[in-house]
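First up is the structure itself, then whatever we jot down about it.
Read the numbers this way: they start at 1 and go in the same order the structure lists the ligands and their atoms. Atoms considered below: every heavy atom in the structure, side chains included; atoms not considered: hydrogens, waters and symmetry mates.
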Amino acid sequence: MAYTPATEELIRALQLLPGIGTRSATRMALYLLERDTDSARQLSHSLADALEKVHRCPSCRTLTELPVCPVCESTDRNTKLVCVVANDADRSAIEMSNRFTGRYFVLHGVLSPMDAVGPEQLGVFDLVDKVKAESIEEIMFVLDDQMESEATIYYITEQLKGLNVKCSRAMVAHLKNGSLDQAESRHLVSAIEHKREINIEQK
Ligand SMILES: [Zn+2]
């Protein structure tokens with residue numbers, strides 16, 4: 001073993017982060033343990049604190065520290081229009097554009113059988129129940145154009161058949177984790193304004 005057991009464990013834990021391989025994880029672990037233990041303690045504290053406080057809104061699955069997220073709580077939103085996004089960063093990007101007045105539903109992923117992500121994990125049945133219970137009139141998907149996203153939209157719209165809900169889609173090639181520059185923000189707003197209807201009954 002090249003490092004102590006606890007160091008090895010930390011390296012393994014860091015590798016769980018997206019895009020982090022063994023080499024990067026090792027570099028980060030050694031940096032935190034050798035050179036910047038104050039930051040390491042801060043990181044550890046912030047992570048524990050966030051895990052303690054942050055949870056999914058029971059209505060829309062947005063990450064929140066409140067019992068219900070501010071968007072679901074607000075009386076100023078269009079409660080009949082729900083925007084379905086893959087993750088909280090995309091929701092945040094749309095919210096920051098200030099052009100969407102409906103509510104959200106965050107899937108926290110897209111269908112991916114290889115990673116054991118199915119409709120249950122994405123809350124698809126909760127979404128269907130929500131459409132029924134709240135008489136939602138339109139579901140707008142803002143997902144990218146990858147195959148898994150297409151499959152996810154197809155699956156969800158199949159479940160919504162016969163529920164008298166309009167489905168639409170804003171085509172966005174790539175959403176950038178909540179930190180959009182001006183051009184990207186314009187692109188997002190334009191995609192939402194030019195959303196296309198999905199005819200779910202005739203698929
Ligand atoms: Zn909510």
**Prompt:** Does a salt bridge link Glu150 with Arg169, judged by any charged N lying under 4.0 Å from a carboxylate O?
**Reply:** yes
Please tabulate, for side-chain N and O atoms in residues 106-120, each donor-acceptor pair with protein atoms closer than 3.5 Å (sequence neighbours left out).
{"residue": "His108", "atom": "NE2", "partner": "Arg61", "partner atom": "O", "Å": "2.6"}
{"residue": "Ser112", "atom": "OG", "partner": "Asp115", "partner atom": "OD2", "Å": "2.8"}

**Request:** May I ask you to list the protein N, O or S atoms found at less than 2.8 Å from the Zn ion (ligand 1)?
**Result:** Cys57 SG, Cys60 SG, Cys69 SG, Cys72 SG
Assigning hydrophobic clusters by single linkage (Ile, Leu, Val, Met, Phe, Trp, Tyr; side-chain heavy-atom cutoff under 4.5 Å), is [X] placed with [Y]?
X      : Y      : value
Val128 : Leu143 : yes
Phe141 : Leu163 : yes
Ile11  : Tyr31  : no

**Asked** In this structure, are over 12 heavy atoms from other groups packed under 6.0 Å from Asn164 atom CG?
**Response** no
